Structures are given as structure tokens and as C-alpha cells.
Number of protein chains: 2
Amino acid sequence: MFDRAWMLIIMTTVATSVLMVRSFPEADKVKSLPGQSDVSFQQFAGYVAVDDNNNRALFYYFVEAQTNPASKPLVLWLNGGLGCSSVGVGAFTEHGPFLTNQGQAIVQNQYSWNKVANILYVESPAGAGFSYSLNLSFYKTVNDKVTARDSLVFLQRWFAKFPEYTNRDFYITGESYAGHYVPQLAELIVKSKVNFNLRGIAVRNPLLDLDTDMNAVDEYYWSHGIISDYAYKISTSLCNSSRRYRENFSGHHSTDCLVAAQKVSEEYSSTLLIDKYYVIGDRCLSYNLSQASFLSEMLNLGTFRLRKSSHNVQQIEDPTDQPIDECNLKYSEMYLNRKDVQKALHARLVGTTDYRLCNKILQTNYERSDIEIPTTDVIGFLVKSGLRVTVYSGDQDSVVPFMGTRRLIDGLAKKLALKTTLPYTPWILDNQVGGWTQVYGNQVTYATIRGASHETPATQPRRSFVLFNAFVEGKPLPKAS
Amino acid sequence: MFDRAWMLIIMTTVATSVLMVRSFPEADKVKSLPGQSDVSFQQFAGYVAVDDNNNRALFYYFVEAQTNPASKPLVLWLNGGLGCSSVGVGAFTEHGPFLTNQGQAIVQNQYSWNKVANILYVESPAGAGFSYSLNLSFYKTVNDKVTARDSLVFLQRWFAKFPEYTNRDFYITGESYAGHYVPQLAELIVKSKVNFNLRGIAVRNPLLDLDTDMNAVDEYYWSHGIISDYAYKISTSLCNSSRRYRENFSGHHSTDCLVAAQKVSEEYSSTLLIDKYYVIGDRCLSYNLSQASFLSEMLNLGTFRLRKSSHNVQQIEDPTDQPIDECNLKYSEMYLNRKDVQKALHARLVGTTDYRLCNKILQTNYERSDIEIPTTDVIGFLVKSGLRVTVYSGDQDSVVPFMGTRRLIDGLAKKLALKTTLPYTPWILDNQVGGWTQVYGNQVTYATIRGASHETPATQPRRSFVLFNAFVEGKPLPKAS
């Protein structure tokens, strides 16, 4: 896994970084975002080159904590996708200080995570959001290892820009395919022995193990009324969804799987009519489904050899122009496409005419075999290295359902021989159940957020904030009194 | 099942009823309910004796359709419970013309079912709501057969009061334990050959088969994050919940079941912290849990030999006096306890000092062996008799979860050799998925209402109204265009 020659490059970069220590970069300071209200905290945004020879640079948006930033930890946020934007999704629709509203204004988010931490949103890998590679051959070789290495180089150079943060308590967090990015970056940091004060990771609705996660999708659809007993039986007995996925991409189709795909396709295609990331909620009717992230398409059985079925689904325009919560991703994309917003953020469009929440080039070209490698053992390594680990799930997400994640973390704890230190139990907020949680060895926390989508803060902002706060403070989730 | 001697009694009553034909009973007319706004339709309420010798009478609340009542069908509504009030639950928190609001006012319900039908709410059996038996020995013999017979006698005498409705298209509907009441009453009507124009039945989140329904509770808890893989495994492998229920009431406890009950009790007791009838929603904090219906307690594994565990759950007073939807049952109970409301409804409290939504005496004394007899075959008889049958589920109810109901109806259709005439598919309202549905033999419809609780109209009023309208009009649920 780890390359000694490459470690030398990191060490050299670290040495260079130390020589570059200086105060916060004035050029990256965001004076004000179009539409924002007055705030007391500082914001920065800009680029950090991660490959000088090949003109590859990652974009970041950094918001200091609203009060006493010097006393608060540093938290890195990475969206998944693959290839989705941490700024467009994480910052502006989930837990940043401002949320977009129809693309014309931004409003303060009362549950912004920068109330308790300094948050660094990074667009990773190059190609995601405002990050770029001028050398297009990068997209033919991008994989989990490249993503982790670029992120590490980014961090080294970013810490050189923000030396005050170098020894700050540091956490890496993310969602969805960041179930690969986050543990792998943390592992690289630990193994590289770079001078970061990494304390823990938190991942949400993460892709950890393709088989378990993908087959949990069937389980979730069935137990939430989305498919019938019949379709579920065919899928589980004849050819389950992970096998169909593997056959689809290998090009070798067994008769069983073709029969199963044909039989279940009718019911699975109905999932195009709901928001798979938020099955209890409304679907944003004016948002082009083709912009939905890769992970959903990958896990959607209806697309197996049957993509043509989607032509039956009529795209219906939103009859009103009123703000609707379920369209927050659309508004975020509209906002970040504004030239004045890009200027204020020091962002550039490189090799593209529009900013997109998720990059299809990355989604098409990313190393597929990496997607199939489980990252649970990487998390096991982090646990053994002493890091605090929180894995949690919005329970209304069918794309990476909590049922698979819960099973994986319980299995990992058993493998690591961690004892249950808090049995499966509800956690409580405002006298209501915020979700359920189980803690292993006082170090690994699994939790759900009740009623929350894949993007938990967008649908359960207060519960998500309380869970995040418990994570960074290393405190248990609140219990019934 | 059917008693020929008793049929004679019914026939005699019918003959008597015909002689009693007269215009609508002025004495039962509800002039106005405290707090109601002006409406164009007529309301009636009062008592119909069902056993003259034993002073047993059922209370009804009848609302004519808002427009052209003469052209609209008659729909009987029965709540379940056991022993819960059709007026307090069905009419004032679900689909009646008025909904209560903090017990001080009532508001018009824009999705009232009396927009498309004349609705007859009946408190059944005696002991439920405002219905009563002066002879208390009734409660020692009350069972499904008695309930059905009393309901039939009620209907005969009610039709005598409202002769215009005698030949009207007639439907029987209800929820929860009415999964017993509704099919059994319909069966009795068919077999008695009384002169009712019964066209169909609709039951929602119905108890149809104790084993399937009760074991679906475990399945639902597990797949909705309420219990862990571990608790689910113990329950399904060692001693499932229906077996625990049977052992609990038989008094013969196997070691396996005692071990399972002990092991799972910790997790199952956490269900006291959520609204089991609406797992996605908030719990009404100011409402005494002990008033929750019998069915929930019966199906709640946490109560198995472990009732004492509930003392750990703190009752927390609602911090505000603002109206909160999740407390609608409480407001309904408050409203119906008002003396001016009771006077307006011609309701009396007989043998009780307070009106209660559900009667614990009935819940304690009702014939337990009847609870264990499946009613699926009764529904099968109705189908073969040509009645239209709709069985539907709010998908956020864990008390009688859709997973068990879906399985039971699919199994019944197979037993009856009914072909699927509409495969499992979403139905659409306002361009969103209203739920999923499957139709068998163009006669039996199964459907879910997405995002709805046990009392579907309380949480998804528009979707519930559209489903009800489709049922009475005999039309399919709306599809994607």
C-alpha cells in the first residue's frame, strides 16, 4: 500500500513548507460573498497546487470558527460522488455558514458546523468542483491512491499557508464515496508520519464495502415499500445487485443475472420517481436527474443494461418559482455558477464552461477496481492507531443505507475484538429520538440520524449539528434523562 | 361460523325496521358543534340500542356529504383499538369535517372524507367512546362475533332512522383492529342477506393475522434502525415475537423465549421513546403513554414480562402550549370531554366519569382467542362474494407494519388464484410518489401511503383523501403521466 520513494517526496515538501511559514494568505481572503450578511469570522478560498509539473490544483473554501477559532479544532470536509463538490454540496447545502436560496441569495445557517470548529472544504480529486488538472491524462489514471496523495500534498501546502493550524487538533470527515477518501487519507497521514495532529475521522452514509452496501440497497427498497416481496426475492435468490453490478462492468453476463435484471427492472425503474437520497421527502422536480451523483447511478439496479427505461420518466418543471428545500442542490449549483460569486471565492473554471456539482468525466474514468475494494480494514488500521472513529447514517437514504453500514461497523468491531461500551440505544435531542447509536471500545461510534437524508444536515440540521459537536468534542451523544 | 337461529332474529329485526321507516330523526340532528364554522351539510349524532333487554347502545356521529349527499355513497367507519373511539380518532383527528385544535376550537378539514361520501362513524363495540352497556357482564363475553352482531343490529336500526340510505352504495372501512371488525361485519351482512347495498370494504394498517403482523414488527424495527442486528437475530432465531406473545398469555414459558425476552428487552424498551404509530415523526410529549391503544401494547415486545421497565421513561411535559400536530389525539380527547360538546352531540357518559379515546376495560376483557384467529380467509370470502377490497398501509407505522400486510394480501391473492392486474408500482400525486400499489384481479387493491402514520389522514391527509376517493369511486390510483 505505501510507497517509500514517495515518502521522500512528502518529507521534502514538508521541509519546503516549513521554510514558507507566514501569516494567513491575504490573497485568499474572501472579503464578502454576494448576498451574505455581516459575520464576525474570516473566510478564505483559493487554490493549492498539488502537482506543479502537471498543473494540477485543488480548490478550498475555509471558514474559521465563529468564535475563538484559535481554541477550536480543524475539520477537513470531503464530499464523495465520485467527483462531487465539497463546496457546492458540503458547504452550501449542508453545514457551511451560508446556505443558498434559489441561487439569488444566501442565508445564515444557524446550525453551521463552524460554530464549533474551523472547517476546511476541499474539492478533491482534481476535476471536482473548482479543482482542475490542465493535463487531461490525469483523468485516465485517477484512483484512490492518487486522490489520497494529492490530498496529503494539499494539506501540507495548506498548512504552510495557515501555519497556526499545523498542530491543531485535526479531524477528517466526509460522506458517501468519501468512505474511501477519508480513511485512505487518514491512513496515509498516519503512515507518512507527517506532523499533523490527526485525532479522528467521521464518515456518513459511506461506501465502505461494495457488496454489503449494494445489497443493503435491495433490503432497504424492500423494507421501505419501494419494491415488492417478489422483486426482492428474485434479487436475493437469483442474482443480487452487487453481482449484477460486477457482471455489468466486467461484460460477462450470466443467464441468472440477465433473467433477474429483466424481472426486477420494472419495479426498480420506479425508483427514478423518488429521491433515492431521501426516500421520505419530495423530489426536486425542476432538477435534472442526470446530475445525480455517480454513486446513486452505480447502485441503482434499474440502470443495469436497462438505461433506456428512463425515457419513460417525464421531467416535470417546477410549477412555481418558490424556494423548495428539496431543490437546495440546484440552488447551490446556480449560486456557484455566478461570476460574481466565483470572483469573490477566487475560483476559476478551468477546462469547463460551467461549474457542476459532480463531474461526469471523473465518474466515468475513475479506477473501477478501487470502488470494489472495501475500506473497512483501513478503518480498522486507524482504530488500532488510536484514532477516534464515528460512522453514521441518515436513515432515509437508500443509496448507501444504514443497514449495510451498521452491519459493517458491527462486523469490524467484532474483528477488532472491541467490546460494546454502549449497547444499541436511542440518543435524544429536544426530548425526541435523534437516532440510535452503539459504541465499541469507547473509540468507535456507530449512529443514525432519524429522518435524515444522505445529506443529513440538509434535512435534519439540528440533529446533525449535535452529532458533529459530540464527535469533535469526543463526548457521547445525549441520552434520555 | 354462522348461526342459523340467530339469522331469524336478524330477519325479524329487519321486518320491524321496515315498519319503522320515517324521515331523518330531528332529535339526533347536531345543530352546531362548539367552535365549528358554518357548513352546508347536515350532521347527526346519537344512540341506537342494540340490545333492548340489556341496555346496550352504540353511539354514532353521521356527517352527510358536503354536496349532493343523495348522489354519494354511504361509508361506515370503525376504529380498532381494541375499544377505541371512531368519533375521537376517526372523525376528529383523521378524516372528519372538523379537526380539533388544542381542545378549544375545531377547524375545517380541507381533506374531509365527507367531500366525496356520507360518513357514518360508529363507536363499536359497546364500551368504546360514548357507546355503553349498562349490564357490565357484557364485557366478560364481548368478542368478535358479538361485535359484528351488535354492529349489524345497529345498522338495521340506523337505516330505519335514515331510510333514504337503505339502498345507497355502502362501504365499510376502518383501521387497526378493525382488520377484524370490518371483514367480519361484511361477512355477516353477506351471509344474513340483509337488504344493504354493500359494495366493498377498505381496511388500513389492519390486524389480519397475528403471527405475520406481529413478526413484521420485528422486521420493521430492525429495518428502520430501531433495533440492532443482534436483537433482530435473537428474536428471529431463538423465539420470535408472536411466540413470545402466545407464551405470555398462555402462561407457559419456554426457556428459549425467556432468554430471548430478557436479551431483547433492553433494545425493545427503547421503543417507548418513539411514537410507534409514526416512527418518522415526533412523539406527543404531553400525552400519557398509558392511553396508547391496546394493539400497540400487545405487539410491543418490551412489555413481555418486563412491564416494569417502563418506569424508566420519564414523562416530560410539553414546554409550550402551542398546537403541535403530534398531540392531535390529546386535543380530540380534550374536546370530546367538554360538556358543551357532549351536549351538542347528544352524547352521554354512562358508567364512566370521563370520555376516553380507548377503553381499557374492553382491552382487558375482550376474547383473546379471537385476536389470534386470522381474518384473511374472511376477506377471501368477501372477494369471492364480489365485493371490492382495498387494504392499505401508512408506511411509517410500526404497530401493524405494511410489510406484514403486503405479504398477507399477496398470499391471499395467490390462494384465490387472482392474477396481478397492476404490478407493484408507485402511484403519483402532485408529481410525487404517493405510495406504492398492486392490484389483483381488478378487485383487490393493496397500497401504501408514503410518509403516513397508522392514522394516515392525520399525517398525509391529501394522499389519504385521494386514496379514499379512488376506493369509493372504484377507480385506480393516479399514475405517472
Side-chain angles (χ1 to χ4, degrees), chain A residues 216 219-220 222-231 266-267 269-275 279-283 285 312-314 316-319 326 393 395-396 401-403 406-407 410-411 420 423-428 430-433 435-438 446-451 479-481, chain B residues 216 219-220 222-231 266-267 269-275 279-283 285 312-314 316-319 326 393 395-396 401-403 406-407 410-411 420 423-428 430-433 435-438 446-451 479-481:
Chain A
E219 220 164 33
Y220 193 93
W222 166 74
S223 60
H224 287 70
I226 298 167
I227 62 168
S228 70
D229 291 352
Y230 173 74
E266 189 178 297
E267 287 191 22
S269 67
S270 84
T271 59
L272 294 168
L273 296 172
I274 59 164
D275 182 349
V279 299
I280 194 76
D282 282 347
R283 190 169 58 103
L285 297 172
N312 292 323
V313 181
Q314 195 184 356
I316 305 149
E317 283 303 310
D318 190 352
E326 64 266 25
S393 307
D395 66 8
Q396 298 303 311
F402 77 88
M403 289 139 89
R406 183 173 65 177
R407 189 177 290 140
D410 198 60
T420 290
Y424 200 79
T425 190
W427 62 273
I428 305 294
D430 301 329
N431 295 323
Q432 302 286 350
V433 171
W436 280 263
T437 185
Q438 181 158 3
Y446 175 71
T448 63
I449 298 180
R450 190 169 66 102
K479 285 191 290 188
S481 52
Chain B
E219 219 163 33
Y220 194 93
W222 166 74
S223 60
H224 288 70
I226 298 166
I227 61 166
S228 70
D229 291 351
Y230 173 73
E266 189 178 296
E267 288 191 22
S269 67
S270 82
T271 59
L272 294 169
L273 296 170
I274 59 164
D275 182 349
V279 300
I280 194 75
D282 282 348
R283 190 169 58 104
L285 297 172
N312 292 324
V313 181
Q314 196 183 355
I316 305 148
E317 283 302 310
D318 189 351
E326 64 267 23
S393 307
D395 68 6
Q396 298 303 311
F402 77 88
M403 289 140 88
R406 183 172 64 177
R407 189 177 291 140
D410 198 60
T420 290
Y424 200 79
T425 189
W427 61 275
I428 305 294
D430 302 329
N431 295 321
Q432 303 286 350
V433 171
W436 279 263
T437 184
Q438 182 158 3
Y446 175 72
T448 63
I449 298 180
R450 191 169 67 102
K479 284 191 289 188
S481 52

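Protein chains get the first letters and strands the later ones, always in sequence-line order, with residue 1 at the start of each. The structure presented is a predicted model; accordingly, all values stated were derived computationally and were not measured.
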One should read off an interatomic distance between Glu326(A) CD and Asp275(A) CG, to the nearest 0.5 angstrom, of 8.5 Å

One should read off an interatomic distance between Tyr424(B) OH and Tyr446(B) OH, to the nearest 0.5 angstrom, of 6.0 Å

Heavy-atom pair count under 4.5 Å with chain B, highest-scoring of [options]:
options	answer
Gly225(A), Gly281(A), Pro426(A)	Gly225(A)
Thr448(A), Asp395(A), Ile280(A), Val433(A)	Ile280(A)
Gln396(A), Gln432(A), Glu219(A)	Gln432(A)

Counting only non-hydrogen atoms closer than 4.5 Å, does [X] touch chain B with its backbone (N, CA, C, O), its side chain (CB onward), both, or neither?
X	value
Ser270(A)	both
Arg450(A)	side chain
Ile226(A)	both

Taken in chain and number order and not counting sequence neighbours, the residues that satisfy ring-ring contact (aromatic ring centres under 6.0 Å, His included) with Trp222(B) are Tyr232(B)

Original post:
Do Gln438(A) and Thr425(A) have side-chain N/O donor and acceptor atoms under 3.5 Å apart?
Top reply: no

Sorted by chain and number, sequence neighbours left out, side chain to side chain contact (heavy atoms under 4.5 Å, CB included) with Tyr230(B) holds for Ser228(B), Ile234(B), Lys263(B)

